[in-house]
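The structure appears below as structure tokens.
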Amino acid sequence: MSGPISVKAALASTAPISGMQVQGWVRTRRDSKDFSFIELNDGSCLRSLQIIAKSTLPNYADVQRLQTGASIAVRGDLVASQGKGQAWEVVANEIEIVGPSDDTYPLQKKGHTPEFLREIAHLRPRSNLFGAVFRVRSRLAFAIHQFFQERGFVYVHTPIITGSDCEGAGELFRVTSLDLKQPPRRADGSIDYAQDFFARSTYLTVSGQLEGEAFACALSKIYTFGPTFRAENSNTSRHANEFWMIEPEMAFTNLNGNMDLAEETVKYLIRDIKTNCAEDLGLFSKFVDKELSARLDFVIDRPFQRITYTEAVELLKRSGEKFEFPVAYGANLQSEHERWLTEKHFKCPVTVFNYPQEIKPFYMRLNDDGKTVTAMDVLVPGIGEIVGGSQREERLEVLEENMRRHQMDPADYKWYLDLRRYGTVPHSGFGLGFERMLMFVTGVSNIRDVIPFARTPGSAEF
RNA sequence: UCCAGAGUAGCUCAGUGGUAGAGCGGUCGGCUGUUAACCGAUUGGUCGUAGGUUCGAAUCCUACCUCUGGAGCCA
């Protein structure tokens with residue numbers, strides 16, 4: 001006999017197996033006249049395996065005291081179940097109690113709210129919902145690599161500790177080894193970071209884009225996929241201070257090619273999860289979001305709407321809708337505006353592009369109208385922005401001018417400007433929020449519930 | 001950070017100035033190829049924290065903490 005098999009493998013068996021072994025955690029236990037039913041779950045799949053523990057087991061008294069949460073190893077035979085609800089069950093010949101549990105175990109056999117489970121983040125993966133979420137998270141990460149690798153993109157590891165506090169976007173977490181009680185000072189009293197570990201100020205990355213551009217301008221098509229850190233005091237269901245982001249970057253590609261890739265990426269990922277995580281998706285459709293299945297089908301079945309920022313503003317103005325914030329050209333679209341476009345008007349993902357340059361970062365390419373830049377955001381129902389990207393400004397002089405307008409010193413970005421000095425090329429890319437994609441595909445509405453141990457303002461337990 | 005709401009049993013909640021409650025869970029017993037089993041009994045509380053008002057506060061007031069929803073920032 002070989003080693004233990006997973007619950008998933010046991011349930012997928014096509015024939016009885018005598019002399020098999022499974023191990024996992026007790027979900028519930030019920031007594032019958034001469035035996036006990038144990039539901040065993042090992043996280044390999046949503047479903048549990050029913051174990052029949054007969055009263056003839058030498059340690060039956062101990063087995064009857066097994067409580068939810070206990071870990072056991074079972075030897076026995078996989079047989080066709082006599083009961084309804086499952087095809088297979090295991091008649092145990094031996095049950096080893098590996099680790100007992102007791103009645104203080106917080107995950108009892110009843111419904112729990114996600115908010116409560118969030119407080120026990122170390123135990124919640126043992127629940128049906130979170131087991132499913134994190135299995136899907138794993139598969140989604142795999143599918144991302146598969147998607148880009150299939151298309152010849154090279155996976156690049158951009159630095160996590162970075163010296164560029166550029167983009168002007170977002171607060172950064174400082175990385176330092178200085179003694180906070182006695183930091184070295186300069187003559188003017190300011191802290192002298194030249195004496196810090198890297199002989200300069202360093203931070204946790206907020207984006208790998210600039211470094212990604214360097215590699216795209218060499219390997220043609222690249223993507224990054226890694227953690228990102230923002231020190232913003234954001235308290236919403238869609239923001240975390242540590243999250244993962246996918247950032248593809250393509251040389252010789254304009255905004256249209258960029259929008260095509262973003263749409264293809266989102267659709268591919270949904271299709272992959274639908275085929276490879278069907279059982280877990282079923283749980284989400286049933287208990288998290290009844291519309292989930294229909295929405296996912298809708299998204300993969302038809303093209304995303306593409307409209308310019310100007311068109312979006314016109315649509316919003318003509319909508320007759322009363323918005324809390326007024327719609328005006330030159331202002332950022334508010335959440336309520338985005339929601340109207342994607343949830344009420346088009347009822348599908350919407351790609352908005354060509355934004356006024358004043359409200360977008362320095363690196364986006366200026367359009368011929370001299371007013372708009374090649375920004376694009378993909379908005380999805382329920383979540384809002386899931387992708388943000390642009391064609392990058394490849395013209396050295398224009399880029400330098402943009403920097404000056406953003407109060408940036410081009411001298412600080414010499415290496416970035418070099419990419420335009422030597423063999424510059426039109427190139428484009430975007431950032432896809434991994435957790436937001438996971439929220440979209442699972443229907444889970446709070447980002448804290450799709451991250452194993454979420455980091456949010458005031459909260460870094462575990 | 002701003003706006004709104006909420007903190008009462010392990011969990012979900014009721015209780016709006018006068019002896020702290022229910023359902024679920026847990027425990028014990030019964031029944032039973034059960035499956036969110038069923039039937040009966042039982043267990044369970046510093047009412048978020050600290051002050052204050054009052055003869056008396058879960059309830060009213062003040063501050064703080066935490067959580068939830070929304071906003072801003074964005075992925």
Side-chain angles (χ1 to χ4, degrees), chain A residues 27-40 47-54 65 67-69 79-86 89 91 101-120 128 167-171 206-209 225 227-247 262 287 323-325 331-339 359-361 375 377-380 383-389 430-440 445-451 456-459 461:
Chain A
R27 278 295 175 79
T28 94
R29 193 184 56 74
R30 293 177 289 277
D31 281 327
S32 190
K33 194 168 186 180
D34 298 317
F35 53 90
S36 233
F37 295 102
I38 299 171
E39 266 185 46
L40 186 73
R47 300 174 66 197
S48 297
L49 181 61
Q50 178 160 285
I51 310 293
I52 308 295
K54 291 187 171 165
R65 281 196 294 272
Q67 292 186 302
T68 303
V79 301
S81 177
Q82 295 175 32
K84 289 173 184 169
Q86 63 277 318
E89 65 189 17
V91 176
S101 183
D102 63 44
D103 59 13
T104 62
Y105 184 62
L107 286 170
Q108 290 302 338
K109 187 177 61 175
K110 65 184 293 292
H112 290 295
T113 59
E115 291 78 19
F116 168 67
L117 293 170
R118 213 175 284 156
E119 295 169 20
I120 48 167
N128 284 338
E167 282 203 63
E171 301 290 314
V206 294
S207 164
Q209 181 199 314
F225 181 24
T228 306
F229 307 87
R230 308 246 169 120
E232 265 134 22
N233 192 7
S234 298
N235 279 295
T236 82
S237 55
R238 316 180 294 288
H239 291 86
N241 296 295
E242 176 181 327
F243 62 99
W244 283 55
M245 191 157 62
I246 302 101
E247 295 182 290
F287 295 113
F323 293 113
E324 189 186 343
F325 296 91
N332 266 309
L333 296 179
Q334 301 286 326
S335 285
E336 57 174 345
H337 304 149
E338 297 180 349
R339 215 176 297 131
I359 57 174
K360 288 292 178 184
D377 288 347
V378 177
L379 314 174
V380 297
I383 292 167
E385 185 178 341
I386 196 168
V387 166
F430 61 82
L432 169 66
F434 179 60
E435 282 81 7
R436 288 191 181 171
M437 187 66 214
L438 187 54
M439 289 166 74
F440 187 68
S445 59
N446 195 310
I447 198 167
R448 296 172 182 90
D449 295 333
V450 298
I451 299 176
T456 51
S459 175
E461 210 191 338

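Any value given below was found using the heavy atoms of this structure, including those in side chains, with hydrogens, waters and symmetry copies removed. Chain letters run A, B, ... following the sequence lines, proteins first and then strands; every chain starts at 1.
Residue side chain A/R448 does not reach the base of B/C67 through any donor-acceptor N/O pair under 3.5 Å, judged by distance alone.
Residue A/Q86 has no polar side-chain atom (N or O) positioned under 4.0 Å from OP1 or OP2 of B/U34. The side chain of A/N446 contributes an N or O atom lying less than 4.0 Å from OP1 or OP2 of B/G69. Regarding contacts with the backbone of B/G70, a side-chain N or O of A/S237 is found under 4.0 angstrom from either OP1 or OP2. Taking only side-chain nitrogens and oxygens, A/R29 never comes nearer than 4.0 Å to OP1 or OP2 of B/A36. Of the side-chain N and O atoms in A/R230, none sit less than 4.0 angstrom from OP1 or OP2 of B/G72. For A/S335 and B/G72, the shortest distance from a side-chain N or O to OP1 or OP2 is below 4.0 Å. Between A/Q334 and B/A71 there is no side-chain polar atom (N or O) within less than 4.0 angstrom of OP1 or OP2. Side-chain N/O atoms of A/S234 include none lying less than 4.0 angstrom from OP1 or OP2 on B/C74.
With rounding to whole Å, A/D102 atom CG is found 18 Å from B/G25 atom P. Atoms CG (A/D103) and P (B/C24) sit 18 Å apart, rounded to a whole Å. Residue A/I120 contributes atom CD1, which lies 15 Å from atom C1' of B/C67 at whole-angstrom precision. The separation between A/N233 atom CG and B/U1 atom P is 5 Å, rounded to whole Å. Rounding to whole angstrom units, CD1 of residue A/I447 and C1' of B/G69 are separated by 16 Å. In this structure, OH of A/Y105 is placed 17 Å from P of B/G25, rounded to the nearest angstrom. Put simply, CD on A/E336 is 8 Å from P on B/G72, counting in whole angstrom units. Taking atom CG of residue A/D377 and atom C1' of nucleotide B/C74, one finds them 9 Å apart after rounding to whole Å.
By the 30° and 60° cut-offs, the orientation of the rings of A/F116 relative to A/H112 is tilted.
Judged by distance alone, the side chain of A/E336 and the main-chain N or O of A/F325 form a donor-acceptor pair under 3.5 Å. Judged purely by atom type and a 3.5 angstrom limit, A/S101 uses its side chain to pair as donor or acceptor with the backbone of A/T68. Judged by distance alone, with hydrogens and angles left aside, the side-chain atoms of A/S234 form no donor-acceptor pair with the main-chain N or O of A/T236 at under 3.5 Å. For A/H337 (side chain) and A/F323 (main-chain N/O), no donor-acceptor pair under 3.5 Å exists by modelled atom type. Between the side chain of A/E435 and the main chain of A/F243, no donor-acceptor pair closer than 3.5 Å is present.
Side-chain atoms of A/N235 lie closest to B/U1 of the nucleotides B/U34, B/C73, B/U1. Of the listed nucleotides (B/G25, B/U32, B/G72), B/G72 has the atom at the smallest distance from the side chain of A/T236. Looking at the side chain of A/D31, the nearest of the listed nucleotides B/C73, B/U32, B/A36 is B/U32. With distances taken from any side-chain atom of A/Q50 to the nucleotides B/U34, B/G26, B/C74, the minimum falls on B/U34.
When both distances must be under 3.5 Å, the Watson-Crick or G-U wobble mate of B/A63 is B/U49. As the counterpart of B/A14, no nucleotide is assigned, since no Watson-Crick or G-U wobble pattern has both distances under 3.5 Å. Under the Watson-Crick or G-U wobble criterion, with both distances below 3.5 Å, B/U34 is left unpaired in every strand shown. In this structure B/G40 sits in a base pair with B/C28, meeting the Watson-Crick or G-U test at under 3.5 Å. Look at B/U1: its Watson-Crick or wobble partner, with both distances under 3.5 angstrom, is B/A71.
A residue-by-residue look at A/T28 and A/R65 shows that A/R65 has its nearest nucleotide of RNA chain B further toward the 5' end. Both A/N332 and A/P457 lie close to RNA chain B; mapped to their nearest nucleotides by heavy-atom distance, the more 5′-ward contact belongs to A/P457.
Rounded to a whole angstrom, the distance from the P atom of B/U19 to that of B/C47 is 15 Å. For the P atom pair drawn from B/C38 and B/G23, the interatomic distance equals 14 Å after rounding to whole Å.
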- Message: Apply side-chain contact (heavy atoms from CB on, under 4.5 Å) to residues A/I120 and A/L107 and explain how you reach the verdict.
- Response: CA-CA 9 Å; A/I120 48 167; A/L107 286 170; 4.2 Å; yes
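Among the protein residues, A/I52 comes within range of the nucleic acid bases, having at least one heavy atom under 4.0 Å from a base atom. Residue contacts shown for A/G388 are limited to sugar-phosphate atoms, with no base heavy atom under 4.0 Å away. Within 4.0 Å (heavy atoms only), A/E89 reaches at least one base atom of the nucleic acid. Using a 4.0 Å heavy-atom criterion, one finds that A/R339 contacts the sugar-phosphate atoms exclusively. Residue contacts for A/Q67: at a heavy-atom cut-off of 4.0 Å it reaches the sugar-phosphate backbone alone, with no base atom in range. Base contact: A/F35 has a heavy atom under 4.0 Å from a base atom.
Annotation: side-chain hydrogen bond (donor to acceptor under 3.5 Å, both in side chains) contacts of A/Q50 (sequence neighbours excluded): A/E89.
Nearest heavy-atom pair, A/R436 versus A/I383, reported as atom, atom and distance to 0.1 Å: O-CD1, 3.4 Å. The minimum heavy-atom distance between A/D377 and A/G389, with the atom names listed, is OD1-N, 4.3 Å. Here the closest non-hydrogen pair linking A/A262 and A/V387 is CB-CG1, 4.2 Å.
Once the 5.5 Å centre distance and the 30° plane angle are applied, the aromatic ring of A/F243 is found stacked with the base of B/A75.
With A/Q67 as reference, A/D102 is the one residue of A/T104, A/D102, A/T28 to meet the side-chain contact (heavy atoms from CB on, under 4.5 Å) rule.
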When you compare the protein's N or O atoms with those of nucleotides 4-6 of chain B, which come within less than 3.5 Å of each other, and at what distance?
none

Distances under 3.5 Å between protein N/O atoms and the N/O atoms of nucleotides 11-13 of chain B, please, pair by pair.
from: B/C11; atom 1: O2'; to: A/K110; atom 2: NZ; distance (Å): 3.2
from: B/C11; atom 1: O2; to: A/K110; atom 2: NZ; distance (Å): 3.1
from: B/U12; atom 1: OP1; to: A/T113; atom 2: OG1; distance (Å): 3.3

